[in-house]
Amino acid sequence: MKIPYKPQEIESKWQKYWDDNKLFEVDEYTDRPKFYLLCMFPYPSGVLHMGHVINYTLGDAIVRYHKMLGEEVLSPIGWDSFGLPAENAAIRLGIPPEENTVKNIDRMRIQMKRAGWGYDWRRELATSHPGYYKWTQWLFLQFFKRGLAVKKKAPVNWCPNDQTVLANEQVHDGCCERCGTEVIQKDLSQWFFTMSAMSQRLLDNHTKLTQWPENVIKMQQEWIGRSEGARIDFTITETGDKVPVFTTRPDTVFGVTFMSLAPEHPLVEKLVCGTPQEREVMDAVKRMRQLGTSVKELLGLEKEGVFTGFHITNPVNGDVVPLWVANFALMTYGTGAVMSVPAHDQRDFEFAKKYGLPIKVVINPKDSRLDPQTMTEAYVADGVQVNSGQFDGMPNREAMSAIISWLDKNRFGSRTINYSLRDWLLSRQRYWGVPIPIIYCESCGLVPVPDDQLPVTLPKNVEFKPTGESPLKQCSDFINTKCPKCGKPARRESDTMDTFVDSSWYMYRYIDPRNENAVFDSDLVNKWAPVDFYIGGIEHATMHLIYSRFFACVMHDMGLINFEEPAKRLFCQGMVCKTAHYCNTCKWLQEDEVNAGVCLKCGATVVSEVAKMSKTKLNTVNPDEIMNKYGADTMRLYILSDTPPDRERIWSEEGVHGASRFLHRLWDMVHDKLSDLTANSANLGERSDDKKLLRITHRTIKQVTGDIDQNIQFNTALARVYELVNAIKSSNDCSPAVMREAIETLLKVLSPITPHICEELWSKLGNTQSLLTTRWPELREEALIEDTITVVVQINGKVRTKLTVAPDITEDDLLNTAKSDEKVSTMIEGKQILKEIVIPKKLVNLVIR
RNA sequence: GCGAGAGUGGCGGAACUGGCAGACGCGCUGGACUUAGGAUCCAGUGGGGCAACCUGUGGGGGUUCAAAUCCCCCCUCUCGCACCA
């Protein structure tokens, strides 16, 4: 009688078993080798998506593998639970963010348990919980006390109608997404972490990250954007104001024919104020600043500028050149001022051509001379200095450092390294975030909230209005307080923190999650951290992964931790994609609304594309539905099979079905073989399939171990597992011991991926302890040895035949065997053998003529 | 534009430091068992050819006894950055 495979039944059974036996609870004081695996925690949207499924299944499989290696494995989970969506829901639907968040977390926790992901739930944390954000605030104050958290002015997108700050994605075509009013740039005083000062250290520490993907390192390097050059101080001819610029081409400083300031440059307003050209300049500035706000995609945008009426004196030669405001000059890079050398910079060249500004050549190619009149583009390559005073005739590479030294000596400038990494703007004019624990007092100024008054909690009875204004600002109970220093009435900071602050240190709190007296116990964290294996999406390559590296450096300097990098090894999983269908009239369509490329609603032709799963494109798959239909093991198996985990995968229902079928076959097969294993196995002696099955069993161990441990290639690991299954099936003449070893090995190596079915079958084999507490199968090298091997014989590089020979055959014997092969001998008969190549154990190649 | 990566059957993808291209799976074809099959089992499956054999890893050239793999040129796609002075 056949016992049917009922995934849902056995899955809940084993989930309860793991739970009851506390198999994922960690003893932080253990003497065993530790392993800390962390998956990036989710925002609690209320429903799991396939991106979570790949991320957490991958993590869980590695966790289970390491547990089977006998390590004490820390695998925590929590919630990145502050953020905009909850606040928007509060505004739209009137649900308080906290209530909504708790409800969503409860729902997702159930889904996670159903998927069979093993976590130490005693360590669960939520960044929106006061027990957590108390310490986010404490860390902020530590940063503040070290001068790493500072207040300075910064431009924000401001809607004059709603009187509120807008995030970049809330600005559409320069207008407020909510009311359509034109958005302006407004300077607000905001909190920053002075991360830019850490630029070089963040770059240098990359050398420690040998187990991070190279592309992440590259992206970070570009993000930090180090460039070497010089600072040169120019002077406003009319007023004497100093204007420092940064340039990577100090060798072209004699060729400056104008200067460009960023529209936001503070000098612009200061200079033109009260002049006849004020209106024209400021109008242009306003226009240019607007372009900068939102639609960066509006590329190819025309170089634009306006003459300020003022001039600049070039310190190196006394040249007086016009001062312009230009839209290509960025306030956020360098000093916000560019020395413009149209002859040798393409951007400056285009600008000069457009506005009829002079072009002055200071570097000529080796064997020719440039003529400013006929140039059609800037000459940016190397050459020889001309029109450059005492540097004439010098190769420009040499001139670079010579000019810098000379500038330095004459105090016109100096060698400088510039970074594009900016300070971290962490103020958010929002409710649902960590309140910044600062009090403003009229007599004492800016006062940090004393540690014993932390946490500064979010008030609950606030009103969410659709204006976008933070409710904190209007909440007088919250805002009004007493100065901790002098006791006089004072006001609280109403901004909250960027949620990236919360996620910059959560990996340490997991280790000591309920500590009420300290952010964490440093000894414990130094034992468990850094994270051994960190898994998450590539979209965090620059933001989260730079912020948390910055935090680690600071916390190291504070003496909280004794390392500078949060994670030793990083793995970024690929996106989950699915075909999406678009109809011009009916917009995005569900899978079942399309047939043979035609829209079933209107009959129009449908355009289909593979795209990342998203709600708007209607190409999502709900994990709950997959688990209902096939069970968690099938979902886990499918998501790890076929495609390497770091690549984008295309969801296919057939693939899921195939995974399900495999598990059914596995189930049936083990049941079929059960009687062979329990049969009286007193009969001794080797059986005909023994050696082969044993060899395949151990080959599987070897390859699966490598694929999981080193390569993180579950697709190839699974291919090997499938081969073992096929081998077991076709082995009809085996001794019970060999068969048992094969099946037990199979269940062990498969268990990290599909743990429930493996546990169930494992127990049916008569085992009483969980696979999680057994040991990963050990490789016996001698079992891999083959009796015979296949060697290829090529003639002129083409395979002509294959030989079956003993593995230890000598090269001479191999060559002779090849030559005397019937087919080969007829082919080489009467020909001249020019060369004989013998690669032991692989091939023989005869070159003949 | 700059930077990085990738192009292999109908599809997802294998292939160690150059050594049998297409592992494994999906799909498809034929067959078996079935009242039935989105079940299971057997066989087949890069293309061409009855066959021996020929041909084949985006295109072109090169190195080599031997190239998916190394070198040069070109094409296409994906990702990241995007006026970075």
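Here is the naming used below: chain letters follow the sequence lines, and residue numbers restart at 1 for every chain.
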Kindly indicate whether the side chain of A:R720 and the base of B:rA23 share any N or O donor-acceptor pair separated by less than 3.5 Å?
-> yes
Report yes if a side-chain nitrogen or oxygen of A:R661 is closer than 4.0 Å to either non-bridging phosphate oxygen (OP1 or OP2) of B:rC26; otherwise report no.
-> yes
Span that lies between the P atom of B:rG56 and that of B:rA21, in whole angstrom | 12 Å
With heavy atoms under 4.0 Å as the rule, sort A:Q794 into base, sugar-phosphate or nothing.
-> base
Please confirm whether any donor atom in the side chain of A:K842 sits under 3.5 Å from an acceptor in the base of B:rC20, or the reverse.
-> no
Give a yes/no answer on whether the side chain of A:R647 brings an N or O atom under 4.0 Å of OP1 or OP2 in B:rG12.
-> no
What integer number of Å spans the C1' atoms of B:rA43 and B:rG7?
-> 33 Å
Would a distance-only check, ignoring hydrogens and angles, find a side-chain to backbone donor-acceptor pair under 3.5 Å from A:K303 to A:K354?
-> no
Ignoring backbone atoms, establish whether A:R649 has a side-chain N or O less than 4.0 Å from OP1 or OP2 of B:rG12.
-> no
Step-by-step salt bridge (Lys or Arg N to Asp or Glu O under 4.0 Å) determination, A:K360 to A:D319 = CA-CA 12 Å; A:K360 181 183 173 191; A:D319 276 3; 3.3 Å; yes
Nearest nucleotide by nearest heavy atom, which residue falls closer to the 5' end of RNA chain B, A:F662 or A:K823?
-> A:F662
Select from A:P644 and A:K802 the residue whose nearest nucleotide in RNA chain B is closer to the 5' end of that strand.
-> A:P644
Between A:N726 and B:rG25, is there a side-chain N or O to OP1/OP2 distance below 4.0 Å?
-> yes
A:R665 side chain N/O closer than 4.0 Å to the phosphate oxygens (OP1, OP2) of B:rG25?
-> no
Once you round it to whole Å, what is the distance between P of B:rG80 and CD of A:E222?
-> 12 Å
Taking O4'-C1'-N9-C4 for purines and O4'-C1'-N1-C2 for pyrimidines, is B:rG9 syn (within 90° of 0) or anti?
-> syn
Rounded to the nearest angstrom, tell me the gap between atom CD1 in A:I795 and atom P in B:rC20.
-> 17 Å
B:rC42 and B:rG25, which share atom name P, separated by this distance in whole Å = 12 Å
When the C1' atoms of B:rA66 and B:rA51 are considered, how many whole Å apart are they?
-> 28 Å
Separation of B:rC65 atom P from A:L843 atom CG, nearest Å, is 14 Å
Hey, what's the ring geometry for A:F351 with A:Y355, parallel, tilted or perpendicular (30° and 60° as the breaks)?
-> tilted
